[in-house]
Structures are given as C-alpha cells and as structure tokens.
Amino acid sequence: MLNNNSALIVPSITITNSSTLPPDVSIPLATCFILIIIASILFNTILIFVILSERHLQTITNVYIINLAVGDMLLAIAVVPFDADFMLRGYYPYGTVLCGIKEVLFIFSLPSAVFNLFLLTLERFVSVYFPFKRIQYFSKKNVFISISFSWIYTINVGLFPIYYNGPSAIKVVGKICQMEFSYKFAIYLISVNFVLPVLIMVSMYFSLFLLAHKHQKQIQRLSINSLRKQSNSFQKNLKAAKTIFLLVGNFLVCWVSFIGIALSNLICGGCHPRELTWISNVVNYSNIVFNPIIYGMLNKTIRKAIYKKLFQIFSCFCKTHYQNYIMRQIESNTSCTYNSPGVSKHNTIGMPLTLFGKDSHKQSNESEADTLL
C-alpha cells in the first residue's frame with residue numbers, strides 16, 4: 001500500500017508492474033526527485049545550522065523543528081535518490097540490503113513526521129492554554145524523553161514487517177524493490193499513525209482559534225495595562241501556533257493525496273495509471289522541501305538569523321577575495337621590480353611600493369569593513 005516503487009505485496013494480493021515509463025514521463029519525474037533531494041538537504045541544513053549557531057533560537061519549539069528536519073533529511077538522503085535512480089534506469093539494480101533500508105525508512109517517514117508535528121502542536125497548545133505550566137510539562141528532561149520515544153517508536157514501526165515476516169519481507173522481484181506486509185499492518189499504519197493523530201491535532205487547533213477569538217473580544221472591551229501585557233504574550237504564542245498549523249496543513253496536503261491514491265490502488269487491484277502513482281510520490285516528497293521553507297521564512301526570528309548568517313558569509317567571502325587580489329598585486333609588482341632594469345627596488349613601474357604595503361593594505365581592509373557594516 002505505501003510502497004513507492006509501484007509494487008505491493010500483501011498475503012492476498014500482488015501488484016507488480018515492471019514496465020518502464022516512457023522517457024517524456026520518467027525524465028521529468030527524475031528531475032523533480034533530484035530537485036527535491038537538493039532543495040531538502042540545502043534548506044534543512046541551513047535551518048539546523050542557524051538554530052544551533054544562535055543561542056537565543058535554541059527553544060523547545062525549535063528543538064522539535066530540528067528533530068523534524070533531521071527526519072526530512074534522512075528521507076532525502078536515503079529514500080528519494082533510489083526513486084530518482086529507478087526513474088532513470090527503469091529498474092532497481094541493487095541488492096536486498098539497500099532495498100530493506102530504503103523501504104524501512106520510507107515507512108518510517110510517515111509516523112516520524114506525524115509524531116514530530118503532534119509534539120509541536122501539543123507544545124503550542126500547552127503554551128497558550130497553560131502558559132505557567134509549560135516549563136513544567138516541557139522541561140529539558142521531558143523533551144529529551146519525547147524525542148527519544150519518537151525515534152524508538154517510528155523505527156520499530158518501520159521494522160515491524162521484518163519483525164513479523166523475517167528478512168523475506170524484503171524482496172527484489174522483477175528488478176523492483178518490494179516490502180511485504182499484511183492488511184492489518186496497513187490499517188494500523190494509517191489509522192494509528194495518520195488518521196488518529198491528525199484528528200487530535202485538528203481538534204487542538206480548533207480550540208486554539210476559538211480561544212483566540214474569545215480573547216480578542218475581551219481585549220476590545222478592556223484596556224488595562226496588565227491585560228495588554230498578557231495579550232502580547234498570548235498573541236506571540238498564538239502566532240507561533242499558526243506557523244505550526246501551516247506545517248500540519250502542508251503535511252496533510254502532501255500525504256493525503258499519496259495515501260488516497262495508494263489505498264484506492266490497493267482496493268481496485270492496481271487500476272490507477274503508474275504515472276498517477278509516481279506523481280503522488282512527487283507531491284508526497286515535496287513535504288520535506290516545504291517544511292524548512294515554511295518555518296524558516298515565516299518565523300521572523302529565524303528569518304532574521306538566516307539573513308544575518310548569509311550576510312556574514314558574503315562579507316567574509318568579499319573580504320577574502322579582496323585581500324587575495326591585493327596580495328596578487330603586491331607579488332606581481334614586486335616581481336616586476338627585480339626584473340626591470342633601471343628601476344629602483346623600492347619602486348614598481350614608477351609607483352611607490354608603499355601603495356601596496358602593509359599600512360595601505362590595513363587601511364583598505366578597515367575602509368572596506370566600515371563600508372560592509
């Protein structure tokens with residue numbers, strides 16, 4: 001059901017189509033997969049680097065964001081490249097070990113994303129409804145326990161077909177990588193790791209927006225200073241909750257289409273065109289690209305930190321390039337001094353050597369530093 005190489009094996013049904021897609025379909029799909037890989041690794045790396053390098057960004061919410069970004073990068077590094085390769089070759093050329101790693105991580109990606117988004121939603125819900133108990137509920141110890149549990153649980157969900165069927169659950173049939181699991185596991189995977197947590201998250205966000213509407217009416221009636229200060233804190237937490245809500249919405253849009261097509265394909269015995277199945281994979285994988293973009297660009301603090309880091313890198317590059325240019329000029333003119341007859345060793349082609357000297361070099365650097373700042 002959730003296999004992404006257009007092949008599914010369950011005890012009562014086997015759907016396999018080893019025919020390759022036409023080049024006018026496979027090449028654009030492979031291009032999309034490659035762009036997703038590059039963009040996901042780049043954007044998630046930038047997001048993780050900025051959060052870890054800025055101490056004021058190392059909040060509880062951002063710790064969960066890093067956890068989500070790591071899971072997205074794992075999918076971009078160890079799963080999507082196999083699909084891009086499959087599109088270009090038209091078959092799976094590797095052994096069962098890599099096939100097993102790929103399929104386990106693919107199944108792992110669904111509960112991993114849901115669990116991280118659930119933790120983010122729960123943290124925002126507690127921050128708005130119980131602001132004074134947030135530190136107690138989301139202490140460093142509890143955050144570490146929740147993240148550890150999320151990884152242990154999601155990895156075991158990915159490995160369950162192997163636990164149940166043994167290594168034979170992973171097969172390469174007709175040069176297509178496949179994982180075998182039961183209908184019961186498919187129902188559990190969707191109901192417990194998708195439908196149930198999504199319903200809980202939607203309920204929490206609905207409660208948050210009802211509370212925000214009620215709070216806004218109270219603010220309009222009263223103008224007490226203490227209430228205004230409380231309102232600022234409330235609005236700040238609510239704004240962060242809206243950003244997390246966008247992450248949840250992105251997840252739903254990307255995953256619902258894929259799961260819907262996969263389920264209907266299972267029920268009707270593979271009646272959908274293979275092109276539609278692969279397009280749903282592209283939509284599904286685009287989730288790992290939009291996550292860092294949504295959180296990185298909509299979060300004002302992180303956006304400023306990203307711009308700051310990019311400016312620092314650009315400034316350092318420009319300064320280094322300028323210094324290298326000056327040094328090349330010094331070496332070039334010094335070389336001309338000794339090779340040109342009739343010219344003093346302290347003069348370079350009629351120009352004072354002090355123009356390229358240490359003092360002038362230092363002055364140029366100071367001048368440029370003032371300009372960049």
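If you read the sequence from its start, that first residue is 1, and numbering goes on from there. Side-chain atoms are counted along with the backbone in the values below, which use heavy atoms only and exclude waters and symmetry mates.
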Legend entry - Partners passing side-chain hydrogen bond (donor to acceptor under 3.5 Å, both in side chains) against S146 (at least two apart in sequence or in another chain): Y64
Inset, instruction - Could you list all the side chain to side chain donor-acceptor pair (under 3.5 Å) pairs where at least one residue sits in residues 33-52, not counting sequence neighbours? - result: S40-N44
Under 3.5 Å, sequence neighbours excluded: what are the donor-acceptor pairs made by side chains of residues 305-313?
none

Inset, instruction - Taking side chain to side chain contact (heavy atoms under 4.5 Å, CB included) as the test, write out the residues that go with I27, two or more places apart. - result: P23, T31
Inset, instruction - List in chain and number order the residues that pass side chain to side chain contact (heavy atoms under 4.5 Å, CB included) with N299, two or more places apart in sequence or in another chain; answer none if no residue qualifies. - result: Y295, T301, I302
Inset, instruction - Please write out which residues are connected to I261 in a hydrophobic cluster, directly or through intermediates, given that two of Ile, Leu, Val, Met, Phe, Trp, Tyr count as joined at side-chain heavy-atom separations below 4.5 angstrom. - result: L276
Legend entry - I34: hydrophobic cluster co-members (side-chain, 4.5 Å): I38
Legend entry - Side-chain donor-acceptor pair present, Y92, D85, cut-off under 3.5 Å: no
Legend entry - Inter- and intrachain pairs under disulfide bond (SG atoms under 2.5 Å apart), touching residues 40-129, at least two apart: C99-C177
Legend entry - Test side-chain hydrogen bond (donor to acceptor under 3.5 Å, both in side chains) applied to T96 - qualifying residues, sequence neighbours left out: none
Inset, instruction - State which residues pass disulfide (SG to SG under 2.5 Å) with C32; sequence neighbours excluded, sorted by chain then number. - result: none
Inset, instruction - Under the side-chain hydrogen bond (donor to acceptor under 3.5 Å, both in side chains) rule, collect the residues that match up with N67, sequence neighbours excluded. - result: N116, W151
Inset, instruction - Check side-chain hydrogen bond (donor to acceptor under 3.5 Å, both in side chains) between T59 and all other residues, then give those that pass, not counting sequence neighbours. - result: N62
